[in-house]
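First the structure, in the form of structure tokens, and then the observations on it.
Chain identifiers are assigned alphabetically (A, B, ...) following the order of the sequence lines, protein sequences preceding nucleic acid strands; residue numbering begins at 1 within each chain.
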Protein chains: 2
Amino acid sequence: MKFTLAQILSFIAVAENLHFGKAAEELNMTQPPLSRQIQKLEKSIGVQLFERNNRNVTLTPAGESFLAEAYGLLASVERAPRRAQKIAEGAWGQITIGCTAVSSFGVLGDLLSRMADRLPGVSVEIAEMVTAEEVKALSEGLIDIGLGRPDRVPSIVETTQIHSERLVVAVPAHHEFAGRTSVASSEIANQTLIMHSPTKARYFYDLTVRYIDVGANEIAHSLSQILTIVNLVAAGRGIAIVSESASSLRVDGVSYIPLSDVPDDVVELHAIWNPESRNPALRQVIDLIRNENLSA
Amino acid sequence: MKFTLAQILSFIAVAENLHFGKAAEELNMTQPPLSRQIQKLEKSIGVQLFERNNRNVTLTPAGESFLAEAYGLLASVERAPRRAQKIAEGAWGQITIGCTAVSSFGVLGDLLSRMADRLPGVSVEIAEMVTAEEVKALSEGLIDIGLGRPDRVPSIVETTQIHSERLVVAVPAHHEFAGRTSVASSEIANQTLIMHSPTKARYFYDLTVRYIDVGANEIAHSLSQILTIVNLVAAGRGIAIVSESASSLRVDGVSYIPLSDVPDDVVELHAIWNPESRNPALRQVIDLIRNENLSA
DNA sequence: TTTCCTTACGCCTATCGTAAGCATA
DNA sequence: TATGCTTACGATAGGCGTAAGGAAA
């Protein structure tokens with residue numbers, strides 16, 4: 001036989017007033033049912049909670065203990081719905097963001113600080129992965145949102161552009177381009193090019209071959225990690241076409257020169273997510289991304 | 001409008017079964033009233049807890065949160081009468097200790113027997129949980145003291161070290177290391193490593209990567225349960241870096257070899273508690289822990 | 001005699017179970 | 001067509017309020 005929450009409320013009221021009449025008034029009821037509630041409660045837990053003769057009411061030691069527990073219980077009862085509500089409205093919750101290493105340079109930090117500002121109840125986990133993995137992770141529910149390239153994204157996910165930037169040429173310190181304020185794509189010939197991998201970093205590979213006549217250059221390496229590429233540039237192994245945000249890597253001896261005849265916004269970073277996600281916090285984050293124009 | 005405990009029980013049953021019919025059977029009732037209970041609960045807290053069409057039932061994120069709270073609520077409901085009964089029987093205080101599975105091997109038994117000796121009037125309850133849950137449970141009053149790792153503990157709780165121990169390598173019977181009296185961390189290369197989960201068992205994960213070059217090994221699994229890890233070692237799926245107390249598991253075919261070049265006290269176990277607790281027995285237990293040097 | 005907790009009795013709300021409804025695979 | 005959640009309806013149990021009881025100051 002178990003007690004009820006009404007009995008707990010009754011018990012607390014009596015324990016606080018040490019007077020059935022006053023407690024009943026506080027509970028908006030008459031004394032008799034209150035007496036019965038307490039009796040039932042005592043019977044159900046098998047312990048006398050109040051010492052009462054017709055003139056005064058006191059808590060037994062067991063009652064003292066039960067009162068402490070009852071307060072905790074009441075706190076839980078009030079907290080549980082509040083938390084559920086907060087989560088349902090997306091104000092609280094958890095978001096797991098999958099991102100490529102390169103997207104973490106600029107945009108991710110910006111996104112995170114805006115989230116901390118506008119959605120303080122949403123805790124964030126970051127998982128590093130490439131775009132192709134992100135799509136899989138989205139469908140498996142491992143991540144809620146992915147930051148990646150808009151390339152080869154299946155139609156079941158939704159995307160929105162979050163940022164765009166330029167392609168730049170990364171060149172070592174004493175290269176002929178070093179010190180220039182811009183380079184035309186046609187000038188990039190007879191160079192040793194460190195290329196993005198056509199398989200693992202297909203988006204950058206495609207961008208590069210779209211704007212640069214790679215056939216006119218020697219291809220030195222084919223890599224997927226931007227950090228490795230820039231380090232190879234620093235080591236004088238060649239030049240590379242990279243996104244401008246790579247310049248935030250600040251590798252010594254590498255300078256980044258804009259391409260004069262390539263549009264400023266060819267490198268796009270998109271947020272991708274599963275529109276069927278039931279995570280309410282996701283909606284909030286998407287709204288944040290859309291309304292706050294993160295690309296600014 | 002508030003919910004009832006019966007509704008909480010109904011909710012838990014449905015959440016565990018994800019099937020109204022089975023849950024109703026478990027509750028010894030028919031489906032229709034159960035459906036109504038859930039509907040009422042959802043209405044009273046103003047949040048949808050289940051996503052349900054006629055073919056399947058799933059928890060919403062809000063429902064997930066509410067489930068966790070519901071378990072806590074239920075634990076309180078069951079504990080409150082027990083505590084009152086203990087007091088009525090003559091105990092003068094109670095302590096609920098939250099502990100990770102692994103801490104129960106050595107230290108907990110020691111602590112309990114010392115408490116039985118020095119604080120015979122204090123009744124003790126044990127709740128199994130991981131360190132992150134302990135902090136939450138402390139703030140919610142579900143436990144009075146937690147035994148856990150000193151990692152990522154917020155400053156609102158107080159802690160004291162209770163024990164420290166070595167890291168050892170768990171290896172299967174016929175492994176090349178078996179029979180050795182020690183292994184250097186540098187020797188652990190080209191092995192198949194069974195790792196602790198970087199999220200659920202972050203403390204051990206961090207310890208492992210601090211002392212072992214994990215990059216030189218193949219990672220087989222990422223787990224949080226020490227027992228599972230040791231059993232996988234026994235099954236020959238790899239070797240694992242575990243705390244020495246895991247050796248008390250006595251899993252057949254697994255031997256534990258100390259790491260020669262890792263300090264003896266890297267694995268720390270701390271007691272953590274809420275300094276604002278009003279439980280008088282807690283002070284006594286903290287004093288006991290501090291004075292009796294349990295780490296000896 | 002007054003105070004105030006408890007017991008007694010009638011009403012009413014709420015929940016249960018059975019039965020029918022209805023959408024999906 | 002079968003499964004399984006939901007709505008409808010009648011019966012019942014449990015709680016509330018009013019009224020009466022009883023012990024202490």
B:R83: what forms a side-chain hydrogen bond (donor to acceptor under 3.5 Å, both in side chains) with it, not counting sequence neighbours?
A:E69, B:T96, B:D144
Any residue meeting side-chain hydrogen bond (donor to acceptor under 3.5 Å, both in side chains) with B:R118, in chain and number order, not counting sequence neighbours:
B:E292
Please work out which residues in residues 30-37 of chain B have a non-hydrogen atom less than 4.0 Å from an atom of DNA chain C and list them by number.
B:T30, B:P32, B:P33, B:R36, B:Q37
Assess the residue pair B:L49 and B:I38 against the criterion (side-chain contact (heavy atoms from CB on, under 4.5 Å)); give the C-alpha distance rounded to whole Å, side-chain angles, the decisive distance to 0.1 Å, and a yes or no.
CA-CA 8 Å; B:L49 298 170; B:I38 300 296; 5.6 Å; no
A:R36 meets the salt bridge (charged side-chain N to carboxylate O under 4.0 Å, His left out) criterion, sequence neighbours left out, with none
B:D151: salt bridge (charged side-chain N to carboxylate O under 4.0 Å, His left out) partners, not counting sequence neighbours
none
Pairs where residues 70-90 of chain A contributes a residue and the test ring-ring contact (aromatic ring centres under 6.0 Å, His included) is met, not counting sequence neighbours
none
Sequence neighbours left out, what passes side-chain hydrogen bond (donor to acceptor under 3.5 Å, both in side chains) with A:R82? Give chain and number order.
none
Sequence neighbours excluded, every pair satisfying ring-ring contact (aromatic ring centres under 6.0 Å, His included) that has a member inside residues 12-57 of chain A:
A:F11-A:F50
Tell me every residue that passes side-chain hydrogen bond (donor to acceptor under 3.5 Å, both in side chains) with A:Q94, counting only those two or more places apart in sequence or in another chain.
A:E125
Which residues in residues 4-27 of chain B have at least one heavy atom lying under 4.0 Å from any atom of DNA chain C?
none
Give each protein N/O atom lying under 3.5 Å from an N/O atom of nucleotides 21-25 of chain C, with the pair distance.
unit_1 : atom_1 : unit_2 : atom_2 : d
C:dA23 : O4'    : B:N54  : ND2    : 3.4
C:dA23 : N3     : B:N54  : ND2    : 3.4

How close or far is atom C1' of C:dC4 from atom CD of A:Q39, stated in whole angstroms?
14 Å
Starting at CD of B:E42 and ending at P of D:dC5, how long is that distance when rounded to a whole Å?
13 Å
Any pair counted as side-chain hydrogen bond (donor to acceptor under 3.5 Å, both in side chains), so long as it reaches residues 21-32 of chain B, sequence neighbours left out
B:N17-B:E26
